[in-house]
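Okay, here's the structure, questions in a sec.
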Amino acid sequence: MQKANSSQPFMPATRKSGARLAWIGRGFLLALALLVLIVLIRSFFDNPQLFAQIAISGLQLGFVYALIALGYTMVYGIVKLINFAHGDVFMAGAFVSFFAVSHFQLHRWPAAVFPGLPPILVTIIGSLTVILLSMVVCALMAVTIERVAYKPLRNAPRIAALITAIGVSFFLEYFGALNFVFSPRFIPYQRPFGVVTWYIYDGIHLVTEGHAPPQGAITFSNIAIIIMVVSILMQLSLQFLVRRTRIGKAMRATAFDKQAAQLMGINVDRIISVTFAIGAAFAGLGGVLYAIAYPSINTLLGVLPGLKAFVAAVLGGIGSIPGAFIGALIMGQAESLTAGYISTPMRDAIAFTILIIVLLVRPTGIFGEPEKEKV
Amino acid sequence: MLLEVNDLNVFYGAIHALQGVSFSLEEGEIVTLIGANGAGKSTTLRTISGLLRSRSGHIRFRGQDISTVAAEQIVRLGISQVPEGRKIFAPLTVQENLEMGAYTRRNPAEIQASMQRVFASFPRLKERINQLGGTLSGGEQQMLAMGRALMSRPKLLLLDEPSMGLSPILTEEIFRIIKEINSQGTTILLVEQNALMALSVAQRAYVLETGSVVLQGSAAEVRDNPQVRNAYLGVG
Ligand SMILES: Nc1ncnc2c1ncn2[C@@H]1O[C@H](COP(=O)(O)OP(=O)(O)O)[C@@H](O)[C@H]1O
Ligand SMILES: [Mg+2]
């Protein structure tokens, strides 16, 4: 594995005009960034409450995207594949929890088994069970997808695996949309626990029915807090896993050089499976939390969050775990600020605007190292 | 017989890289495989380690046919390889590289003891323990690659061109350590283009030419063979 050649090839003419183009691009971006900054600062001083409200919803989105983006970046790091079916695994996470709760009342099991248990414990244990089930099902699903669809193509040109990933994605979306599976309709999602909202206005108060929070209050919910805390915890434990544990080091070794890893006695197939499983478990967790926060689900629900998380991973530098996290937080804010200050329909377009800018200006992303080949 | 390679045929697509190669190693030996660039030396080692599959022929290690055993299992059986070009894990630290070498082992105390033994042979690695593998010099990377391979406590160590790209002084040092490793009981199959050096430490040698063994014998016999002197030793 040779290092990317940092010295430029000998091409005096194109090099000069290329440099000038890059400077125009950079100047343009700098102006754009300045403009955005000015607008943001003005908006903040115009109405700090509104700004804070928008930032909170941006954080909530960003932390969900972070859970999805980690899977993209880990899988890319190890098999150099953009797993476009990842957003659909996220969708499956939401649906598994939907069936567990609506059809099987899984979130109530502690009350059934231990009748004397305090309700708060019933809710916590029951919800954790539902979430864990979703994570496990998603992990198994991703491992199966890898074995069936990607592994046979591991030595084929990368574009073949990429197209297969898109195919798997469509398969999951439209198989799920069959009437006897999930149906194509939007289904109201029954939450494993209730959403509680507070508002900040002369202290923190509970929002109760019939009492709208006063003008200028900032509201936030328990699910927003849960999403942020869980996402940070998962990020930290993943860092620990990858940096400190035997399997995490084996993952990094395998990502760098598969044959050398095999010479160490590392079972590369197993490491790849574990990577898919972890990424999918995170996505499944994200899917459940997302459905709780936005409780109307259908089988295409993973498409946009999946694409935005993919952009987040590219923005952070695909292959980099901290990069995916930071990228996701930026994406959440960008989307929320766009929806709040520009227009709601623009919220989806901003993701792709960012993607195009990143690919033009710095295709390796914030934390990425210059590399010779990219998808 | 520790390792017995019998009539090995290996292909890269249509390229017949190994054409009926046979050789063997006794326990405790240093045997060298010499030959020009492209003769098939690396292919031989990669096939023994299970990274490549032979189309026909047998590889027997301590009596067991390993020609269909998975690469990651072959390490567990006691064969470790230092590949051509070192193949250090650049983003991992020196310590983490060594830990990966011990991936097949579970006992932390024993792994720690092996690491100390590696540091005794390669004091430079201890000084650089927290440095990333990719930041080491060529010589240090070679030491790390050898240390890493030793961390699995192999019975047979395969070395692919350990002197490649190293200064004469470093080459001397590496060969001194090869002898030391061997004297501690590890059998060594040494692939080299630096035939003179290889023949000076080995007991026996095989000469490989376009995928076939064309000459074999004790290191002294091979060194004194007129064709070898002409083709590989630059004498005569
Ligand atoms: N990955 C490969 N694909 C195709 N041919 C290869 C590959 N690796 C080696 N070869 C060919 O196999 C033959 C033996 O190569 P190799 O074992 O690397 O030789 P050596 O290590 O003795 O220099 C050469 O002709 C080489 O061109
Ligand atoms: Mg070679």
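Residue numbers begin at 1 in each chain, while the letters A, B, ... track the order of the sequences.
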Go through the atoms of B/Ser152 and report whether side chain, backbone, both or neither lie under 4.5 Å from a heavy atom of chain A.
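B/Ser152 has no heavy atom closer than 4.5 Å to chain A.
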Any ion pair linking B/Glu72 and A/Arg270 (charged N to carboxylate O, less than 4.0 Å)?
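Between B/Glu72 and A/Arg270 there is no salt bridge, as every charged N stays at least 4.0 Å from the carboxylate O atoms.
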Can you see which heavy atom on B/Val75 is nearest to which on A/Leu263, and at what distance?
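Closest approach of B/Val75 to A/Leu263, heavy atoms only: CG2-O, 3.2 Å.
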Using heavy-atom distances under 4.5 Å, tell me whether B/Ile88 contacts chain A through its side chain, its backbone, both, or neither.
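Just the backbone, heavy atoms under 4.5 Å.
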Return the CG to NZ distance between B/Leu51 and A/Lys258, rounded to the nearest 0.5 Å.
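Taking CG in B/Leu51 and NZ in A/Lys258, the distance rounds to 13.5 Å.
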Please identify, among B/Met151, B/Glu96, B/Gln81, the residue contributing the most non-hydrogen atom pairs under 4.5 Å to chain A.
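Highest number of heavy-atom pairs under 4.5 Å: B/Glu96.
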Is A/Arg244 close to chain B through its backbone or its side chain, or both, or neither, when contacts mean heavy atoms under 4.5 Å?
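No part of A/Arg244 comes within 4.5 Å of chain B.
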So which atom in B/Tyr103 and which in A/Ile271 form the shortest heavy-atom distance, rounded to 0.1 Å?
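Looks like OH-CD1, 4.1 Å.
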Chain A contact via B/Arg105 - side chain, backbone, both or neither, heavy atoms under 4.5 Å
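Backbone of B/Arg105 only, per the 4.5 Å heavy-atom cut-off to chain A.
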Flag yes if more than 12 heavy atoms outside B/Glu27 fall under 6.0 Å of its CD atom; otherwise flag no.
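Atom CD in B/Glu27 is not crowded, with 12 or fewer foreign heavy atoms closer than 6.0 Å.
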Is the shortest side-chain heavy-atom distance between A/Arg246 and B/Arg106 below 4.5 Å?
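The answer is yes; the side chains approach within 4.5 Å.
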Heavy-atom closest contact (A/Gly265 atom, B/Arg76 atom, distance):
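Looks like O-NH1, 3.0 Å.
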When you compare the side chain of A/Lys249 with that of B/Glu99, does any pair of heavy atoms fall below 4.5 Å?
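Yes, close enough: below the 4.5 Å cut-off.
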Please give me the minimum heavy-atom distance between A/Phe256 and B/Phe89, naming the atom from each residue.
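The answer is CD2-CA, 3.9 Å.
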Quick one: what part of B/Ala90 sits under 4.5 Å from any heavy atom of chain A, side chain, backbone, both or neither?
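Interface part for B/Ala90: both.
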